[in-house]
Amino acid sequence: MALKVPDLLQYELRHRLERWRGALERWGLREWIDRHAGAVIVVACLSAALLGFMLIRVLWPARPAPVLQSRQAWFYDANTGRLFADSFRKAGPIPAPSGPLSDGGHAGFRAHVYSYVLEPGESELFIGFLERPDPSTGAKATAQDMTDFQAWAQGRLIKREKDDQWVAATSPQGQAILRDLLKPDADGRTPLYQLPP
């Protein structure tokens, strides 16, 4: 079934088009364009350049948003299970407030802390995973940020707070830990990375 435009609407549209045509003739736009062809060409070129600029702006890949950095980073005290803040430049393990581990090593491990709310209280924070440099790589891992994941993951071991074994961040087990952080909670909220105050 073809769409039929009512006769009354056809007459109204035709009447409006005739009025616009009459207004253009009264303004003398056609004669002005004929007399000023150079100006019309300049306006057309400027319009094309503006359109090209807008297309480039829209289609050009956006730069990634800057990652918030803090002078402090979260660390996990393996003796007490509590979080504490220290310099973001430290990769860990570092000395913890409770002292060394039973084997004599440092008890402070870098912690990646998350919450489901924007401004959480202490009880709303949870540890996504702990990290430490991989001692088997021989290279000293720096405390760089995670904007370049591949650079961050090289020579890095991670684990959940309750896990016993450290795994490489690039391994399938490490990827599973990181993937679990992206899952929303029962209310559909995704975890937000939290910086120390």
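Values reported hereafter were calculated over all heavy atoms of this structure, with side chains retained and with hydrogens, waters and symmetry mates removed.
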Identify each donor-acceptor pair in which a side-chain atom of residues 43-60 lies under 3.5 Å from a protein atom, sequence neighbours left out, and give them as a table.
from, atom 1, to, atom 2, distance (Å)
S47, OG, V43, O, 2.9

- [ ] Identify whether L157 and L130 are in the same connected component of the hydrophobic contact network (ILVMFWY, side-chain heavy atoms under 4.5 Å).
- [x] yes
Open item on the list: Please tell me whether F84 and Y76 form a close aromatic pair, meaning their ring centres lie under 6.0 Å apart.
Closed with: no
Open item on the list: Please identify which of these residues, W74, F88, F75, meets the side-chain contact (heavy atoms from CB on, under 4.5 Å) condition with P196.
Closed with: W74
TODO: For the residue pair V117 and E119, establish whether any side-chain heavy-atom pair is separated by less than 4.5 Å.
DONE: no
TODO: Kindly say whether S98 contributes a backbone atom to a donor-acceptor pair with the side chain of D77 at under 3.5 angstrom?
DONE: yes
Task: Rounded distance (nearest 0.5 Å) linking atom OG of S87 with atom CZ of R71 - done: 8.5 Å
TODO: Looking only at non-hydrogen atoms, find the nearest pair between A96 and G108 and report the distance.
DONE: CB-N, 3.8 Å
- [ ] Evaluate the criterion side-chain contact (heavy atoms from CB on, under 4.5 Å) for residue pair R82 and E122; output intermediate values, then yes/no.
- [x] CA-CA 11 Å; R82 298 197 56 148; E122 190 174 329; 3.5 Å; yes
Open item on the list: Is any side-chain heavy atom of P100 closer than 4.5 Å to one of H106?
Closed with: no
Open item on the list: Ignoring hydrogens, what is the shortest heavy-atom contact between G81 and E161? Give both atom names and the distance.
Closed with: O-OE2, 4.3 Å
- [ ] May I have the step-by-step check of side-chain contact (heavy atoms from CB on, under 4.5 Å) for Q173 and Q165, ending in yes or no?
- [x] CA-CA 10 Å; Q173 299 90 347; Q165 187 175 1; over 6 Å; no
Task: R16 and E12 ion-paired at < 4.0 Å - done: yes
Open item on the list: Taking CG in D103 as the centre, count heavy atoms belonging to other residues, nucleotides or ligands within less than 6.0 Å. Is the count above 12?
Closed with: yes
TODO: Using a 4.5 Å cut-off on heavy atoms from C-beta on, say whether the side chain of L83 contacts that of I127.
DONE: yes
TODO: Could you check whether the rings of Y193 and Y114 sit parallel, tilted or perpendicular, using 30° and 60° as the cut-offs?
DONE: perpendicular
Open item on the list: Using a 3.5 Å distance criterion without hydrogens, assess whether the side chain of R156 forms a donor-acceptor pair with backbone atoms of T170.
Closed with: no
Task: H15 backbone acceptor or donor facing E18 side chain under 3.5 Å - done: no
Open item on the list: To the nearest 0.5 Å, what is the distance between OG1 on T190 and OH on Y116?
Closed with: 8.5 Å
Task: Nearest atoms (heavy-atom pairs only) where S115 meets L125 - done: CB-CD2, 4.2 Å
Could you list the donor-acceptor pairs under 3.5 angstrom formed by side chains in residues 174-186, with sequence neighbours left out?
from, atom 1, to, atom 2, distance (Å)
Q175, NE2, A169, O, 2.8
D180, OD1, K183, NZ, 3.3
D180, OD2, R160, NH2, 2.8
D185, OD1, D187, N, 3.1
D185, OD1, G188, N, 3.1
D185, OD1, R189, N, 2.8
D185, OD2, R189, NE, 3.0
D185, OD2, R189, NH2, 2.8

TODO: Answer yes or no for R132 and W166: cation-pi contact, defined as NZ/CZ to six-membered ring centre under 6.0 Å and angle to ring axis within 45°.
DONE: yes
Task: Test log, rule side-chain contact (heavy atoms from CB on, under 4.5 Å), inputs I94 and D86 - done: CA-CA 9 Å; I94 65 171; D86 207 321; 3.5 Å; yes
